[in-house]
Colleague: 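Below you will find the structure I want to go over with you.
Throughout, residue positions are numbered sequentially from 1 according to the sequence presented.
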Amino acid sequence: VQLQASGGGLVQPGGSLKLSCTASGFSLEHFLIGWFRQVPGKEREEVLCISNSGGIKYYIESAKGRFTISRDNAKNTVYLQMNSLNPDDTGVYHCTTDPILGVGSCRPTMSDFDLSGQGTQVTVSS
């Protein structure tokens, strides 16, 4: 049972990236999936969540209007589309869920979630 984030890379300010979170060993259609990012020396920052029914929760204001989240249950994948990227978006992006807490609506925080895959590096730089 694992989650794997992919799709990161180096992009110029103003550019876009689409990250994917693919589940293996379980069907993610029954669970909410969230994204958080980490930068060395800083606390992790929760970004966005999508519930199993498609409800969306933004955890940071800076993501509104720029980031969108979607899910393709047939592909067992959740996507994070990031537009108008800026250097502050640089970090390792992880997707996360939990077998118990990950059911239902997006939570106020995902800090207690038990399953987080290896992240993907996003670097925004000119």
Side-chain angles (χ1 to χ4, degrees):
V1 175
Q2 62 179 357
L3 293 172
Q4 179 65 55
S6 62
L10 173 64
V11 63
Q12 292 187 339
S16 299
L17 280 174
K18 187 174 184 178
L19 307 184
S20 299
C21 174
T22 302
S24 59
F26 73 103
S27 176
L28 58 71
E29 69 175 312
H30 305 297
F31 299 93
L32 64 86
I33 300 293
W35 288 90
F36 66 90
R37 61 192 183 190
Q38 284 189 299
V39 176
K42 295 185 177 180
E43 289 190 11
R44 86 179 208 176
E45 186 172 50
E46 297 175 340
V47 181
L48 202 53
C49 168
I50 185 167
S51 71
N52 65 325
S53 61
I56 294 172
K57 178 178 178 64
Y58 287 86
Y59 292 94
I60 53 174
E61 286 295 315
S62 63
K64 293 181 180 180
R66 299 189 302 127
F67 294 5
T68 58
I69 189 170
S70 61
R71 60 195 306 149
D72 185 338
N73 291 332
K75 294 183 178 180
N76 220 23
T77 300
V78 166
Y79 302 101
L80 179 63
Q81 177 69 48
M82 304 188 295
N83 300 324
S84 301
L85 286 162
N86 62 64
D88 289 339
D89 296 315
T90 294
V92 179
Y93 283 71
H94 300 260
C95 52
T96 184
T97 191
D98 187 276
I100 297 174
L101 300 175
V103 177
S105 300
C106 291
R107 303 280 176 163
T109 178
M110 301 182 288
S111 60
D112 293 336
F113 284 12
D114 197 40
L115 182 61
S116 299
Q118 191 170 8
T120 185
Q121 175 71 46
V122 172
T123 302
V124 185
S125 175
S126 55

Colleague: L28 pairs by side-chain contact (heavy atoms from CB on, under 4.5 Å) with which of T22, N73, T97?
Modeller: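 Option passing the side-chain contact (heavy atoms from CB on, under 4.5 Å) with L28: N73.
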
Colleague: Return the OG to NZ distance between S105 and K57, rounded to the nearest 0.5 Å.
Modeller: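 S105 OG to K57 NZ: 10.0 Å, rounded to 0.5 Å.
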
Colleague: Look up atom CZ in R66 and atom CG in N86, then write down how far apart they are to the nearest 0.5 Å.
Modeller: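 Atom-to-atom, R66:CZ and N86:CG are 5.0 Å apart.
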
Colleague: Check for a donor-acceptor pair, side chain of R71 on one end and backbone N or O of S51 on the other, with a separation under 3.5 Å.
Modeller: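 It does hold such a pair.
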
Colleague: Look at the side-chain heavy atoms of Ile, Leu, Val, Met, Phe, Trp and Tyr, link any pair under 4.5 Å apart, and say whether L19 and I60 land in one connected group.
Modeller: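 L19 clusters together with I60.
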
Colleague: Give the cluster check for L17 versus L3: same hydrophobic cluster or not, with ILVMFWY residues linked at side-chain heavy-atom distances below 4.5 Å.
Modeller: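 Per the 4.5 Å side-chain linkage, L17 and L3 are co-clustered.
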
Colleague: Group every Ile, Leu, Val, Met, Phe, Trp and Tyr by side-chain heavy-atom contacts under 4.5 Å, then state whether V47 and V11 land in the same group.
Modeller: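 Yes, because V47 and V11 connect within a single hydrophobic cluster, where side-chain heavy atoms sit under 4.5 Å apart.
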
Colleague: Would you confirm whether T96, through its side chain, and L115, through its main-chain N or O, come within 3.5 Å as a donor-acceptor pair?
Modeller: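 Pair found, side chain donor or acceptor close to backbone of L115.
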
Colleague: Applying a strict under-4.5 Å side-chain criterion to I, L, V, M, F, W and Y, I'd like to know whether V103 and V78 cluster together.
Modeller: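 Linked, V103 and V78 end up in one cluster.
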
Colleague: Report yes or no: does H94 contribute a side-chain atom to a donor-acceptor pair with the main-chain N or O of F36 at less than 3.5 Å?
Modeller: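 Pair absent, no side-chain N/O of H94 close to backbone of F36.
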
Colleague: For the CG atom of D98 and the CZ atom of R107, what is their distance to the nearest 0.5 Å?
Modeller: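 Reported to 0.5 Å precision, the distance equals 8.5 Å.
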
Colleague: Mind listing the side-chain donor-acceptor pairs of residues 118-126 below 3.5 Å, one per line with the distance, residues two or more places apart or on another chain?
Modeller:
{"residue": "T120", "atom": "OG1", "partner": "G8", "partner atom": "N", "Å": "2.9"}
{"residue": "Q121", "atom": "NE2", "partner": "T123", "partner atom": "OG1", "Å": "3.3"}

Colleague: On a heavy-atom basis, which atom in G34 and which in M110 lie closest, and how many Å separate them?
Modeller: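 That closest heavy-atom pairing would be CA-SD, 3.4 Å.
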
Colleague: Decide yes or no for W35 and F67: does some side-chain heavy atom of the first lie under 4.5 Å from some side-chain heavy atom of the second?
Modeller: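 The answer is no; the side chains never approach within 4.5 Å.
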
Colleague: Say whether I33 and L48 are linked into one hydrophobic cluster, either directly or through other cluster members, by side-chain heavy-atom distances under 4.5 angstrom.
Modeller: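 Yes, I33 and L48 fall within the same hydrophobic cluster.
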
Colleague: Measure the spacing between OG of S20 and CD of Q4 and express it to the nearest 0.5 Å.
Modeller: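 The distance works out to 10.5 Å.
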
Colleague: With side chains defined as the heavy atoms from C-beta onward, is the minimum distance between F26 and P99 less than 4.5 Å?
Modeller: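 Result no, sub-4.5 Å side-chain heavy-atom pair not found.
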
Colleague: Might you point out which heavy atoms bring S111 and R44 nearest each other, and give the distance in Å?
Modeller: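 Of all heavy-atom pairs spanning S111 and R44, the closest is CA-NH2, 3.4 Å.
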
Colleague: So do N83 and S16 actually touch side chain to side chain, heavy atoms under 4.5 Å?
Modeller: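 S16 vs N83: side chains touch.
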
Colleague: Just verifying a value: how many Å separate I56 CD1 and C106 SG, rounded to the nearest 0.5 Å?
Modeller: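 Going from CD1 on I56 over to SG on C106, the span is 8.5 Å.
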
Colleague: Any side-chain heavy atom of N52 within less than 4.5 Å of one from F31?
Modeller: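 Sidechains of F31 and N52: no contact.
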
Colleague: How long is the straight-line distance from CG of N76 back to SG of C21, given to the nearest 0.5 Å?
Modeller: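 Going from the SG atom of C21 to the CG atom of N76 covers 9.0 Å.
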
Colleague: Which pairs count as salt bridge (charged side-chain N to carboxylate O under 4.0 Å, His left out) when at least one residue sits in residues 23-37, sequence neighbours excluded?
Modeller: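 Qualifying pairs: R37-E45, R37-D89.
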
Colleague: Say whether E46 and T109, considering side chains only, have a donor N or O and an acceptor N or O under 3.5 Å apart.
Modeller: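 A pair is found: one side chain offers a donor N or O, the other an acceptor, under 3.5 Å apart.
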
